Amino acid sequence: MRYVKIVLSAIINRQVIYLILQKLIFPYLGNTELYFRTGGAAIEDGKIILGKNGFLRTDSFFNIFSAGKWFTYTDLQDLTLKITGKGRVKLSVFRLCNNDETEREVFSADLLLDNNSSVELPAESWRFPDGMIFFVLTAYEDSVIEKADYITKTPVHADIVMALNICTYRREEYVKANLKQLQDEILHNPESELCDKLEIFIADNGQTLGDSVATDKIHVFPNANTGGSGGCSRGLHEILAVCDEKKISYAIFMDDDIKIIPQVIERTAAFLSFIKSEFAECIIPGAILIEDDWNIQYEFGGAHGIPPDLVPLHRKLNLLDTKSLIDNDKEEVKIDYAGWWYCCMPISALKRCGYPMPFFIKIDDVEYGIRLNLPFILLNGIGVWHHSFEIYRLSLIYYNARNSLVVNTLYNIPMEITNIIFNTVFWRTATYRYWDVEFFLKGVRDFCKGAQWLLNLDSEKNHAKLSKRANKSFEVKTIDEFPENFVYAKRDKTKAYNKLKTFLTLNGWLLPANKNVVLEIGTDAHEMYRVKKAIWYFPKLKQGIIVKKSFFALLKILFSTFYTFFIVAFRYKSAQKSYKKSIDKLHGKK
């Protein structure tokens with residue numbers, strides 16, 4: 001039997017230099033199938049042990065290769081698969097097609113593995129405009145796989161230097177854990193392509209890190225608690241101050257409370273090293289995976305919907321399903337923004353567009369994405385973990401309302417403010433979440449105060465007042481068992497409701513209440529029809545918010561709503577004009 005065997009050291013002696021595009025990532029968090037699928041195999045000491053006829057498949061989120069994206073957006077001319085290990089295996093390369101969701105074998109070869117076993121893949125096996133490729137190794141005998149890298153001898157277009165922009169507020173445990181990983185695997189690792197090409201900038205809003213983590217590559221800047229937007233602005237200011245000197249070409253805005261695999265940053269830089277000039281100003285976002293449910297993708301890019309709503313895209317996909325990988329890879333939906341848990345943006349565009357809006361928190365990443373107006377390139381394998389978003393914070397309702405109205409005003413996104421107010425007040429009142437209405441209406445009224453008010457606002461004091469008021473409004477209780485007299489109302493998206501009856505009776509408000517229910521957050525509000533008491537429940541947190549029917553609260557909301565409509569009638573349009581007139585100041589431009 002003839003085996004493919006190419007010794008790379010001989011090629012390097014002829015001054016052909018190979019660069020790593022994508023390393024095989026071993027299991028880190030979540031199910032092993034997020035990384036690869038195996039049979040007749042075991043993972044020991046960072047190696048994959050294959051028994052005879054055992055196999056390794058890489059049709060997974062972290063190890064599939066986005067061949068279509070590389071073909072479309074980069075000038076990659078060749079692709080080699082280098083596998084380090086021992087034993088005799090069969091290599092099969094498959095294309096996963098986006099249009100019909102099928103996999104087709106496009107290449108195969110027999111390999112005798114050693115430290116430099118590699119095979120250059122024929123152009124027809126990976127040069128196509130859409131879809132992805134993955135490889136399968138099947139052992140002819142007991143074999144060991146230590147590494148598997150996609151590499152190339154194509155010269156890079158640009159020598160990419162990356163900057164991480166991290167805003168933190170008293171999350172030392174997360175920050176220090178991530179920094180240690182980045183130091184071990186990139187900053188202090190001479191084998192990493194980014195060893196001398198990564199700078200980390202931290203805006204310390206809590207002023208608690210001090211110099212404990214600072215190095216020549218990790219820069220810490222004590223900062224006032226100006227929220228996520230203010231912290232990111234401070235970090236960006238420091239990056240732009242030295243970007244020419246350090247030749248920084250891209251900045252990654254990254255949350256302080258994520259869990260990240262360092263190779264994700266290396267992959268981002270590798271892709272950008274070969275990107276075509278017409279796509280050099282692009283945004284590469286990261287998918288967000290949920291820390292409480294490791295294999296679930298919460299969001300990958302987003303669109304701006306009817307205010308104050310956002311539309312997360314590629315939401316709640318099970319990444320163990322290859323169909324989810326195809327959904328990620330397709331480019332059928334326009335993306336407006338990407339969350340700053342991980343978002344890579346070009347320095348050239350950041351210089352031109354200014355700083356994030358002074359929003360404190362929420363919608364700053366949305367506004368910035370719309371402002372940049374650059375193409376988004378989604379790559380499977382670029383993602384981080386974040387804690388669950390199943391959390392109830394009243395201040396977020398305020399910020400979503402106020403900040404969304406600013407964004408829609410600045411970018412002329414159509415909205416009917418009267419309808420927005422009416423629908424929000426109606427449904428939040430119908431579900432007895434009176435404090436939601438209070439904070440929403442305050443957000444609308446504060447928007448009407450205009451741009452100068454926002455520019456002069458002490459955001460930290462304002463947030464403290466909001467938090468203090470929120471703490472008095474409701475109580476979240478841990479619930480192990482539901483009270484016996486409560487009925488559990490399950491979500492049912494197929495269920496039809498009598499909308500006329502709902503409207504005429506204010507979802508049963510005007511009729512005697514006759515039941516108590518438990519509802520998961522996100523359950524249709526119609527399930528609150530004629531309810532006396534309810535528990536809005538967060539299943540992952542095992543917590544709930546107890547609400548009840550209250551005519552006093554209803555009267556208070558009616559007064560607050562009429563007052564807000566009065567403010568809107570006299571100040572709304574003038575406020576809109578002030579935001580448009582002050583757009584440069586809001587963007588931090590002189």
Side-chain angles (χ1 to χ4, degrees), residues 19-25 34-37 57-81 91-108 119-136 148-154 156-157 160 263-264 266-287 297 300-301 313-314 317 319 321-335 338 344 374-383:
L19 296 173
I20 297 174
L21 304 179
Q22 181 169 304
K23 300 175 183 177
L24 180 70
I25 296 180
L34 271 178
Y35 307 87
F36 40 68
R37 307 169 199 272
R57 293 174 59 98
T58 60
D59 50 339
S60 63
F61 176 75
F62 279 112
N63 284 313
I64 203 161
F65 186 80
S66 299
K69 301 292 178 73
W70 279 90
F71 175 82
T72 301
Y73 295 109
T74 78
D75 282 322
L76 188 68
Q77 298 300 310
D78 65 276
L79 184 64
T80 293
L81 186 56
L91 166 68
S92 302
V93 178
F94 291 86
R95 176 184 178 183
L96 190 60
C97 303
N98 288 355
N99 54 354
D100 57 10
E101 300 182 5
T102 59
E103 59 181 57
R104 301 168 188 164
E105 188 175 54
V106 291
F107 178 78
S108 66
V119 57
E120 184 169 340
L121 303 180
E124 62 271 17
S125 70
W126 66 274
R127 288 183 62 81
F128 40 76
D130 67 82
M132 299 160 284
I133 63 171
F134 64 92
F135 65 85
V136 178
D149 304 331
Y150 289 98
I151 62 177
T152 185
K153 59 179 180 291
T154 306
V156 298
H157 269 198
I160 300 298
Q263 287 84 352
V264 165
E266 293 177 327
R267 289 181 177 184
T268 305
F271 188 84
L272 293 169
S273 297
F274 296 91
I275 201 154
K276 295 175 182 176
S277 57
E278 61 265 38
F279 299 116
E281 283 205 343
C282 68
I283 296 174
I284 297 183
Q297 176 179 286
F300 204 176
L313 301 176
H314 309 101
L317 299 182
L319 294 179
D321 184 353
T322 52
K323 186 179 182 302
S324 297
L325 308 184
I326 293 172
D327 288 342
N328 281 342
D329 196 63
K330 290 179 179 179
E331 297 184 330
E332 298 177 341
V333 181
K334 184 181 182 301
I335 299 173
C344 180
L374 298 176
F376 287 80
I377 302 176
L378 272 58
L379 298 167
N380 280 301
I382 307 295

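Note that the structure is predicted; figures quoted are calculated from it, not measured.
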Trainee: Please identify each residue that fulfils ring-ring contact (aromatic ring centres under 6.0 Å, His included) with F128, with sequence neighbours left out.
Mentor: none
Trainee: Does the side chain of T74 reach to within under 4.5 Å of the side chain of T154, using non-hydrogen atoms?
Mentor: no
Trainee: What are the two closest heavy atoms between F62 and G383, and how far apart are they?
Mentor: CE2-O, 4.3 Å
Trainee: According to ring-ring contact (aromatic ring centres under 6.0 Å, His included), who are the partners of F300, at least two apart in sequence or on a separate chain?
Mentor: none
Trainee: With rounding to the nearest 0.5 angstrom, report the CD1 to CG distance, I133 to D59.
Mentor: 12.5 Å
Trainee: Under 4.5 Å between any side-chain heavy atoms of E103 and V136, yes or no?
Mentor: no
Trainee: Apply salt bridge (charged side-chain N to carboxylate O under 4.0 Å, His left out) to E331 and list each qualifying residue two or more places apart in sequence or on a separate chain.
Mentor: K69
Trainee: Taking side-chain contact (heavy atoms from CB on, under 4.5 Å) as the definition, give me every residue that meets it alongside K330, ordered by chain and number, with sequence neighbours left out.
Mentor: N98, E101, I326, E332
Trainee: Write down the atom of I335, the atom of G301, and the distance for their closest heavy-atom approach.
Mentor: CG2-CA, 4.1 Å
Trainee: Rounded to the nearest 0.5 Å, what separation is found between the CG atom of L317 and the CG atom of D327?
Mentor: 5.5 Å
Trainee: Which residues pass the ring-ring contact (aromatic ring centres under 6.0 Å, His included) test with F94, not counting sequence neighbours?
Mentor: F134
Trainee: So do the side chains of R267 and I25 get within less than 4.5 Å of each other, counting heavy atoms only?
Mentor: yes
Trainee: Hey, what do you get for OH (Y150) to OG1 (T80), rounding to the nearest 0.5 Å?
Mentor: 11.5 Å
Trainee: Using 0.5 Å steps for rounding, measure from the OG atom of S92 to the CZ atom of F135.
Mentor: 11.0 Å
Trainee: Are the side chains of L378 and P285 in touch, meaning some heavy atoms are under 4.5 Å apart?
Mentor: yes
Trainee: If we check side-chain contact (heavy atoms from CB on, under 4.5 Å) with L79, which of these qualifies: W126, W70, F71?
Mentor: W126
Trainee: Once side-chain contact (heavy atoms from CB on, under 4.5 Å) is applied, do any residues pair with L24, and if so which ones, sequence neighbours excluded?
Mentor: F26, F36, I48, T58, N63, A148
Trainee: Which distance, rounded to the nearest 0.5 Å, do you find between the CD1 of I377 and the CD1 of I283?
Mentor: 10.0 Å
Trainee: Could you pull out all residues at least two apart from D100 that satisfy side chain to side chain donor-acceptor pair (under 3.5 Å)?
Mentor: T102, R104
Trainee: By salt bridge (charged side-chain N to carboxylate O under 4.0 Å, His left out), which residues pair with D130, not counting sequence neighbours?
Mentor: R95
Trainee: Identify all side-chain donor-acceptor contacts of residues 269-279 below 3.5 Å with residues at least two apart in sequence or on another chain.
Mentor:
from, atom 1, to, atom 2, distance (Å)
S273, OG, A269, O, 2.8
K276, NZ, T72, O, 3.1

Trainee: Could you give the distance from CD1 (I160) to OG1 (T268), rounded to the nearest 0.5 Å?
Mentor: 11.0 Å
Trainee: Just jot down the side chain to side chain donor-acceptor pair (under 3.5 Å) partners of Q297, sequence neighbours excluded, or say none.
Mentor: N328
Trainee: Going by side chain to side chain donor-acceptor pair (under 3.5 Å), name the residues that satisfy it together with S66, two or more places apart in sequence or in a different chain.
Mentor: none
Trainee: Please report the closest heavy-atom contact between I64 and Q22, naming both atoms and the distance.
Mentor: O-NE2, 3.0 Å
Trainee: Just jot down the side chain to side chain donor-acceptor pair (under 3.5 Å) partners of Q77, sequence neighbours excluded, or say none.
Mentor: none
Trainee: Between D321 and K323, is there a salt bridge with N-O shorter than 4.0 Å?
Mentor: no
Trainee: Kindly give the heavy-atom pair with the smallest separation between E281 and L374, and that separation in Å.
Mentor: O-CD2, 3.7 Å
